[in-house]
Structure formats: structure tokens, C-alpha cells
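Have a look at the structure below before the remarks.
What you see is a predicted model; the values in this text were computed from it and never measured.
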Amino acid sequence: MPAFTLSVALRSSAPLDDAAIDALRAVLRPDDQELRLWREPDRAVLRVATECEAADLDAALDLGKDLAEEANRACPGRVFEVAAMGDDDSQVWRSGP
């Protein structure tokens, strides 16, 4: 099955500091060794990335949307971008204004 990188961008409803990122790491897929979390310099945008296997790019994007829902439950705010990237192509979902 093909491998994909999933990426989620979420604007938090509260500023994120290092303690908040550490707390999120503890609850958001703690068994996922590939999961990466970081915040943008403005301290309100959370970025989440991981790897997955899926049948195709559409299925991978669906898995990315699942990850976005999990991240949004752990860090209330607004998901504004979900991406699935394979070796040859990528697909991105973006929310409206």
C-alpha cells in the first residue's frame, strides 16, 4: 500500500506555548512514532504531521481530515488546511474565509 505524509494546520483559539505543545503531544496519538507537532512563530497556529498508508491520495486525504478532527478536539480552534502528499502528487483541502 502506498505511503503518504499528512499535514494539518489549525489556528488555535488560544495562544500556544511550549507547555501546550507538550500537553498536546501527550494526548494526540501518543503511540504514533511519526507524529510531529509544532507551532508557528505567531503562537496561534498549530501544525501536525505524520505518515500513513492508504489505497490512494483520496483515501489519504480522508485520513488527514480524521487527524484534523482529532487535533481540533485536543486543541480547540479552526482547521484551515489538510494535505496528503505522496511521492508523485499531493492533494490539499482548505477551509473558506
ask   = Is any side-chain heavy atom of V82 closer than 4.5 Å to a side-chain heavy atom of V92?
value = no
query = Does any non-hydrogen side-chain atom of W38 lie less than 4.5 Å from one of I21?
reply = no
inquiry  = Please check: side-chain N/O of N72 versus main-chain N/O of G77, any donor-acceptor pairing under 3.5 Å?
reply    = yes
note = Closest non-hydrogen contact found for V27 with A74 is CG2-CB, 4.1 Å
Minimum heavy-atom distance L35-L28, with the two atoms named = CD2-O, 3.0 Å
task = Answer with yes or no whether the hydrophobic clustering places L61 together with L10; edges join I, L, V, M, F, W, Y residues whose side-chain heavy atoms lie under 4.5 Å apart.
result = yes
key: Value rounded to 0.5 Å, distance of CG in D32 from CZ in R25   = 12.5 Å
Pairwise side-chain contact, Q91 with D58, heavy-atom cut-off 4.5 Å (strictly under) = yes
message = Side chains of R47 and S7: any donor to acceptor distance under 3.5 Å?
response = no
query = Would a distance-only check, ignoring hydrogens and angles, find a side-chain to backbone donor-acceptor pair under 3.5 Å from S12 to V45?
reply = no
ask   = Would V8 end up clustered with F4 when hydrophobic side chains under 4.5 Å apart are linked, directly or stepwise?
value = no
query = Heavy atoms, side chains only, cut-off 4.5 Å: are S95 and R78 in contact?
reply = yes
query = Hey, does W93 have a side-chain heavy atom less than 4.5 Å from the side chain of V79?
reply = yes
key: More than 12 heavy atoms of other groups within 6.0 Å of D88 CG   = no
request  = Nearest 0.5 Å please: distance from the CD atom of E69 over to the NZ atom of K65.
outcome  = 9.5 Å
key: Distance-only polar pair, side chains of T5 and E51, donor-acceptor under 3.5 Å   = yes
note = Minimal heavy-atom distance between L63 and R29, with the atoms involved, is O-NH2, 4.5 Å
request  = Calculate, to the nearest 0.5 Å, the distance between atoms SG and CG belonging to C75 and L46 respectively.
outcome  = 5.0 Å
query = Between S90 and M85, which heavy-atom pair has the shortest distance, and what is it?
reply = CB-CG, 3.7 Å
ask   = Salt bridge between D42 and R11, side-chain N to carboxylate O under 4.0 Å?
value = yes
Cationic N near anionic O, under 4.0 Å, D17 to R39 = no
query = Should L67 and L16 be regarded as members of a common hydrophobic cluster, given that ILVMFWY residues are connected when their side-chain heavy atoms come within less than 4.5 Å of each other, either directly or indirectly?
reply = yes
